[in-house]
Amino acid sequence: MASISDSSKQSLLPTFLYSSSPNSFSLDRLLNANNPAFAPSHSTKLDVSAPSSSSLIKTRTFMIASPNEPWKKIEMYSPQFYGACTVGGILSCGLTHMTVTPLDLVKCNMQIDPAKYKSISSGFGVLLKEQGVRGFFRGWVPTLLGYSAQGACKFGFYEFFKKYYSDLAGPEYYAKYKTLIYLAGSASAEVIADIALCPFEAVKVRVQTQPGFARGLSDGLPKFVKSEGVLGLYKGIVPLWGRQIPYTMMKFASFETIVEMIYKYGIPTPKDQCSKSLQLGVSFAGGYVAGVFCAIVSHPADNLVSFLNNAKGATVGDAVKKLGLWGLFTRGLPLRIVMIGTLTGAQWGIYDAFKVFVGLPTTGGVAPAAAELAKA
């Protein structure tokens, strides 16, 4: 690491949260203080003979060492870090959305044809009678590919924008307004993620709600393009943003807040002293509660997306006129709360499990620098 310049390090790390300076406080040394296996590699001592007391105070006030795992060679906020978060996002979103395809299928049909699909149980019964067991997974390919692309952008860019906005705000304002930084970072990431998702979502809804339209993505995509053109794939982008941006803002900001509260008030042991299994349990619990809030906030736009992608040439006005305001907010909501709560909890569990696997810390908890500033 000696060959890497200080300027290149600072460009990769949040300037007020992390530093590789030997004068900075070593997070690894703190985390592994009671672990003899790590003692030899984390015995760095502070250099008290620094030439400038002001520079010494500056580096020690806000900075801690990047929490490396020596056998994994991934530094926080390095390109490898963002790559790992991107892969974690692919796994967490793609696999979970594909798994709940049957629930999503019933939900979409309840939104489009409530007279036929009157409830969750009757909806499953109708699908089983008309399409058999295989019908429950209709549209799983566009679901898997679309939400894998979305997850890659959602989690990867969230980590990037969170670091970027944190650096812009500086240490004092980060401590005061970190929730706003979570909101801004997640919203910025979701704008990009939905551009990747939208074409797959359009085909998925058409395949799931119009029997006989197509078997899946391979024949559904060209048929959709032939019918409505390439731009038709993005007909639902605005309502998709209306659904997903509030959803993602709630998903990340509430998750970060809930996890911080769990570690503050629910678990007497500091996060760095908790087992990895307990930390992953906290991630799932925080994700589930966050998912309930996500479902409520984003549900009206979800109804709009389903309506617009099902009916050729339909407008938002047509959707509001047919569904009504009450229907827009409530139709299919109980099922979506169950689905999104489970989905979001599983996503955070898988995402953080992958981060632990590659040697990174789980998401959330009180940042040491922020906690110090909050006390000041």
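In what follows, residues are counted from 1 in the order of the sequence shown.
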Practice task
Any chance you could measure Leu183, atom CG, to Met249, atom CE, to the nearest 0.5 Å?
Solution key: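 It comes to 4.5 Å.
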Exercise for the section: I would like to know whether Tyr117 and Val126 meet side chain to side chain contact (heavy atoms under 4.5 Å, CB included); could you show each step before the answer? Expected result: CA-CA 7 Å; Tyr117 298 87; Val126 170; 3.7 Å; yes
Practice task
Report the residues that fulfil side chain to side chain donor-acceptor pair (under 3.5 Å) with Thr143, sequence neighbours left out, ordered by chain and then residue number.
Solution key: none
Using every non-hydrogen atom in the two residues, find where [X] and [Y] come nearest and quote the distance to one decimal.
| X | Y | value |
| --- | --- | --- |
| Gly287 | Thr344 | O-CG2, 3.2 Å |
| Leu360 | Ala84 | CD1-CB, 4.1 Å |
| Ala353 | Leu280 | N-CD2, 3.5 Å |
| Ile258 | Gly286 | CG2-CA, 3.8 Å |

Could you tell me which residues satisfy ring pair (Phe, Tyr, Trp, His ring centres under 6.0 Å) with [X], sequence neighbours excluded, listed by chain and number?
| X | result |
| --- | --- |
| Tyr247 | none |
| Phe200 | none |
| His97 | Tyr147 |

In chain order, what residues pass the salt bridge (charged side-chain N to carboxylate O under 4.0 Å, His left out) check against [X], with sequence neighbours excluded?
| X | result |
| --- | --- |
| Lys116 | Glu130 |
| Lys107 | Asp104, Asp302 |
| Lys223 | none |
| Arg206 | Glu228 |

Handout entry: Worked verdict on Glu256 versus Lys251 for salt bridge (charged side-chain N to carboxylate O under 4.0 Å, His left out)
Key = CA-CA 9 Å; Glu256 299 262 16; Lys251 173 180 180 177; over 6 Å; no
Practice task
Among residues two or more places apart or on two chains, list those pairs meeting salt bridge (Lys or Arg N to Asp or Glu O under 4.0 Å) that have a residue in residues 314-325.
Solution key: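 Not a single pair qualifies under salt bridge (Lys or Arg N to Asp or Glu O under 4.0 Å).
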Practice task
With sequence neighbours excluded, give me every salt bridge (Lys or Arg N to Asp or Glu O under 4.0 Å) pair touching residues 345-356.
Solution key: Glu159-Lys355
Compare all side-chain heavy atoms of [X] with those of [Y] and state whether any distance is below 4.5 angstrom.
| X | Y | result |
| --- | --- | --- |
| Cys198 | Lys235 | no |
| Arg336 | Ser298 | yes |
| Glu260 | Tyr265 | no |
| Cys274 | Tyr263 | yes |
| Arg243 | Pro300 | no |

Handout entry: Phe252-Phe161 aromatic ring centre distance below 6.0 Å
Key = no
Problem - Same apolar cluster (I L V M F W Y, side chains within < 4.5 Å links), Ile296/Ile340 - result: no
Problem - Single-linkage hydrophobic cluster, 4.5 Å side-chain cutoff, Leu95 and Val87 together - result: yes
Exercise for the section: Step through the shown structure and confirm whether more than 12 heavy atoms of other residues, nucleotides or ligands are within 6.0 Å of CZ on Phe81. Expected result: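 More than 12 within 6.0 Å, yes.
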Problem - Heavy-atom neighbours of Tyr234 OH exceed 12 at 6.0 Å - result: yes
Please tell me whether [X] and [Y] have a donor and an acceptor in their side chains that are separated by less than 3.5 angstrom.
| X | Y | value |
| --- | --- | --- |
| Ser119 | Ser122 | yes |
| Thr362 | Lys271 | yes |
| Gln150 | Glu190 | yes |
| Ser188 | Tyr165 | yes |

Handout entry: Stepwise ring pair (Phe, Tyr, Trp, His ring centres under 6.0 Å) check, Phe284 with Trp348
Key = CA-CA 6 Å; Phe284 177 81; Trp348 279 113; over 10 Å; no
Practice task
Only counting residues at least two apart or in another chain, list the ones meeting side-chain contact (heavy atoms from CB on, under 4.5 Å) with Ile112.
Solution key: Thr209, Ser306, Asn310
Under the 3.5 angstrom rule, does the side chain of [X] hit a backbone N or O of [Y] as a donor-acceptor pair?
| X | Y | value |
| --- | --- | --- |
| Thr96 | Cys93 | yes |
| Thr342 | Met339 | no |
| Trp241 | Asp194 | no |

What side-chain donor-acceptor pairs closer than 3.5 Å can you find for residues 132-139, not counting sequence neighbours?
unit_1 : atom_1 : unit_2 : atom_2 : d
Arg138 : NE     : Gln131 : OE1    : 2.7
Arg138 : NH1    : Val207 : O      : 2.3
Arg138 : NH1    : Gln208 : O      : 3.2
Arg138 : NH2    : Gln131 : OE1    : 2.6
Arg138 : NH2    : Gln208 : O      : 3.4

Handout entry: Stepwise side chain to side chain contact (heavy atoms under 4.5 Å, CB included) test for Tyr82 and Phe157
Key = CA-CA 8 Å; Tyr82 292 119; Phe157 280 108; over 6 Å; no
